[in-house]
Each structure stands twice: as C-alpha cells, then as structure tokens.
Number of protein chains: 2
Amino acid sequence: MAIAVKRALSLLELFTESASEIGLSDAARLSGHDKATVHRLLGTLREAELVEQDPHTKLYRIGPAVLRLARVREKSTPLLSVVQPLLDQITQETGETSHFSLYTGDALTVVASCTSSRPNHVALNKMEVLPMHATASGLAYLAYCKKELRDRALAQNLPSFTRWTVTEAEGIKQVLEDVRHSGFAIADKSYDDDSFGIAVPIFGAADGTAMGALAVAAPIYRMTEPVRAKIVELLRETSSELSRRMGFLIPATFG
Amino acid sequence: MAIAVKRALSLLELFTESASEIGLSDAARLSGHDKATVHRLLGTLREAELVEQDPHTKLYRIGPAVLRLARVREKSTPLLSVVQPLLDQITQETGETSHFSLYTGDALTVVASCTSSRPNHVALNKMEVLPMHATASGLAYLAYCKKELRDRALAQNLPSFTRWTVTEAEGIKQVLEDVRHSGFAIADKSYDDDSFGIAVPIFGAADGTAMGALAVAAPIYRMTEPVRAKIVELLRETSSELSRRMGFLIPATFG
DNA sequence: CTGTATGGTTTATAGTGTGAACCGATGGTT
DNA sequence: AACCATCGGTTCACACTATAAACCATACAG
C-alpha cells in the first residue's frame, strides 16, 4: 500500500552522511527503480523542498524543509534541549567529557556533548561519527538495537584503531553479552590508545530498542576503579532521568 | 504528477511548532483529503519514521528520521553549525534575542535562534512563521528577494498586527526602498506593540537574491539609538562573516 | 567521430490509490 | 441508561495515476 509514497520516501534513505549528494542515475541504480520514476519522485520531493537540486551539478541533496521539520520535532519531542543540561551536569560532577549520540542510518553520530574543562581531556567534535565496534557508545547501542541492524553492522569489514580493538564479529558478540549483563559498555583503549569510555544505551524507538547512547570518556590514567563506579552510577541515573523526561520506554530486561 | 506523494508530503506541512501533534481526523480536515487516504499516507510516513504515533493518544508527530535527514543536510550544507555560534555571540554582545530565518516556499521560517537571558525579552515561541510585511526579517528578505516572489507576497491580503502595521502594498514598497538604501530593515511596533526588530538579508541563492534574514529583536524601551547602531553594526559584520564562511554571494549593490 | 556516460521526457498500459460507507470504542449530555 | 458526536481505523469497486521501455539532448573520453 502507498507504494509510490513508500518509494519516494525510500529515496530519502539514499542520502547519508557519507553520500550527501546524489545524481539521478545513481539514485535510480541504488533504489532499483526506473530513472523516469526516480526523476518524477525526486521532482516531487523537490517541490516539497525535502530535497533540493544543485543548479549547476544537477546533484540532489537534502533540502531546507527538513530543518523546519527538525524544529517541529524538537518542539514535540525535545531532545537536545533536554540532553544538554544533563550532559553539563555529568561533566561537572565527573570532570570528564560527556556526549550523546544517535544512530543515523549508517553510523552513530554525536549530537550533543560537554567537554571537560581539565587541561587533559578527551575531545570530540559535534557530528563526529563513532565506529560501532570500537567505542563504548557504539557497543552500548549495538547491545540493545534491533538484531538485524546489529548483524548488518557486524557483517562489515571492521577497522582496527589500536592493538586492542576487537574486530571479529564473534568476539564482539561476546562483548555485547557482557554489556547486556552489566547494563553498560566500556571501551578500554579500543578506539584511542589513551582513552577509556563508558556508555549506556538510550531507548526511544517505539519497539523498545535503543536509539543512541550516553557516554563519558576520560584519559586512561584518571579512570580508576572508584571513578569508573561513579561514572556508571551517574550514567545510569541520567539514563533513567532522560527516559522519564522524554517518556521513553525502557525494556523490562534492562537495568 | 506524483499526486499521492505530493499529498503525503503536504501532510508534513500540517505539523507546525504551534501544532506539533495531530490526530487523524484533524489531519484529514486540514488537508482536505479523505480520512482513509490520510490514514494510509500517515501509515506510510510512519513506516519511514518521518512521523511517529503516540501509542496511547494515537496522535501523530514528526518522527526521528527527520533528525537523521537534518544531520545529512548539515553535512552537505552546513548552516546551523555555522549560524548558531554567530547568534550566540550576537545575543551575548547585545543581550537581546537574535534569530535566523529562511524562506521556505511560502513564508519566512525561523530556523535558529538564541534567546536573551534578560528577564524581559522577545520570545520566539509562536513565531515559527514570520509575516513578510510586518517583521524586520520579512522586510529585509522582501527587499532583496526575486521580484516575482515579492509581488506575490505583497498581492496577498496582509493582516494588521498593531496599529503601526503597514498593510498597503504601495506603502511597503516605499519601505523596501529605504531598506535597500540603508542595507537593513526595522520593524518598529509593526508586529508587536512592545517589540522593535532589526534585520539584514542573507544571500545564498545562486542568482544573488536573498535566502533569509538575520535579526535582533528587543523590547522597545531598550532599543535606544546607540543600541540600534551597535546592533546594525553587529548584524552587518555577522552577515559578512556568514557569507564568507558559507561561500555565499553578496550582490555588489549591497553594503 | 564514436561510445558511453549523464539528466530529462514521452506514452500506452498495468495496477495502485481513492473515498463513500461502515465498524467499534470512547466520552460527554440529556 | 440511552443517546449523540466524536474518535481511529477498515473495506472494496472503480477511476485514474504511476510505471517503465524507449526516446532525446548533451557532455566528455578515447
């Protein structure tokens, strides 16, 4: 049902952060539909300004209407405005950098963060893309996302960032078991030789799966056992608080 | 052409910041389509997660896919990440609310803002859509947009918001002359009895016309002559900075 | 020049989307 | 309790829309 609409909307999924601009032929190939069809659908999406077309290169890209919709979404389902103060508080209490990331279709992207004010701290940029298998956030997400999504992520060729990065799917699945058991994920030098990350999943999808992760990262040497314990406790509390404030669902199997 | 798709996308326009959640019947009424049709289209939009449905109230609202798209858009066309810090700076230096709006097909829409922290300030809550003829942003935009667009905007029946709102097309055209002469627009009680706005156009369209506006709004009593001068200077500087950072074009006739 | 890309357009035909009418549930009103 | 007006959601025959193959026009490389 609503096949044409479904096709049009599926075209939007072709636009990713790694391929943010697409030509007509590529779109037709990738979507598997006829060029004429794709052309008309993109034309309609363009009329609604959900996509726009570069007048010179003819490439299509996501359009300005999305910005308006994002604002409306933020109104009905505040996220950034709720998360930011919580991050600020975490960083204040721990002294370490905290960040919040969301799954965006092909990766986990940092959408809000609070950077530690200490001279030596873990830095990250907004919009930074986090590898699923090597970061605490990625592991926390993988442990609680849809199975198909997890399988797809692990089926890819996983790059190694340090000598401690686990890159075999089986090894990672083992780790994810531990994550599900403890309720939080850690990344001990697996992404950066000097950093240690701790993360908890954030639930929000209607089906009770994760939508992102909340994490704290610090230089290894400061991540002593008591500090770790405190961070885990804080993340847990904050996760609950977030769920409460957002009306998120937490699966009974969690916590 | 692509009627079903167009209808589906037009449903997205029903969601505004003042009505961020909509029920099926309302949506059918507002869109003018049959309930069954709207139900099916919303269902399809929901599958794509462009909208989501509250499991309890059954109301529809903008979905999480929009967040992903906004991030992709931000990748191909950075805007918010460039504009937001500039707004923050303007508000910090002036102490007043600043905002950035874009033309979105039939109106000027606020896409980013920084609200003054002073006890009494101009709020943007219900201002997601700015009337062209009564706000500083609207006038700044009208003065530098495509002629046909301006004519169409002025041909409509223009509502009056205060006793100072100019609603005759000829009077407004006069005002636009002044705007083009000075390079900035003001809205002195024309939209709100207690507010004074100052705005400059932002250029970006390939043809050298405006794409939006950058503005500062403050309570009348604080908008003294020296404050106005400072704001104008700040807006001018910021506009140039924005153009530089975004690769925007500024017409030789401006500034 | 030719081969192969690109973006874009046309058209008969297959099949999808439409909307009036209907259902069951909920919540006020009398 | 009966009633009425909503609500969200569903059904189905018919009408009309969307489809995809074949078609341009253009651009670039060999």
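Both backbone and side-chain heavy atoms feed into the values below; hydrogens, waters and symmetry mates do not. Numbers restart at 1 for each chain; the letters A, B, ... are given by sequence-line order, proteins then strands.
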Please give, in whole Å, the distance from C:dT6 P to A:Leu30 CG?
11 Å

Indicate the atoms forming the closest heavy-atom contact of A:Ser137 with A:His99, along with that distance.
OG-NE2, 3.4 Å

What closest approach, in Å, do A:Arg150 and A:Leu142 show between heavy atoms, and which atom pair accounts for it?
NH1-O, 2.7 Å

B:Arg40 CZ to D:dT10 P, in whole Å, measures 12 Å

Testing D:dG8, C:dT18, C:dT6 for proximity to the side chain of B:Ser25, the answer is D:dG8

Considering just the side-chain nitrogens and oxygens of B:Arg7, establish if one lies under 4.0 Å of OP1 or OP2 belonging to C:dT18.
yes

Is a salt bridge present between A:Lys6 and B:Glu47, judged by a nitrogen-to-oxygen distance below 4.0 Å?
yes

For B:Ile3 and D:dT17, give me the distance from atom CD1 to atom P, rounded to whole Å.
5 Å

For the pair B:Arg71 and B:Glu74, evaluate salt bridge (Lys or Arg N to Asp or Glu O under 4.0 Å) and give the outcome as yes or no after the intermediate values.
CA-CA 5 Å; B:Arg71 250 165 276 135; B:Glu74 196 62 14; over 6 Å; no

Over all strands shown, is A:Arg46 touching base, sugar-phosphate only, or nothing at heavy-atom distances under 4.0 angstrom?
nothing

Rounded distance (Å) that lies between atom P of D:dG9 and atom CG of B:Leu42
9 Å

Which is more 5' along DNA chain C, the nucleotide nearest A:Val5 or the one nearest A:Tyr60? Just name the residue.
A:Tyr60

Is B:Glu52 paired with B:Arg61 through a side-chain N to carboxylate O contact shorter than 4.0 Å?
yes

Output the rounded distance in Å from CG (B:Leu41) to P (C:dT16).
16 Å

Can you list, by residue number, the residues of residues 31-39 of chain B that have a non-hydrogen atom closer than 4.0 angstrom to DNA chain C?
B:Asp34, B:Ala36, B:Thr37

Phosphate oxygens OP1/OP2 of D:dG8: is one of them under 4.0 Å from a side-chain N or O of B:Arg29?
no

Would you mind reading off the distance between B:Glu21 atom CD and D:dC7 atom P, rounded to a whole angstrom?
16 Å

Check the distance between C:dT18's P and B:Leu11's CG and give it to me in whole angstrom.
10 Å

Show the nearest heavy-atom pair for residues B:Ile202 and B:Ser239, with the distance to one decimal.
CD1-OG, 4.0 Å

Spacing between B:Lys58 atom NZ and C:dG27 atom C1', to the nearest angstrom
17 Å

Taking 4.0 angstrom as the limit, do A:Asp54 and A:Lys58 come out as a salt bridge?
no

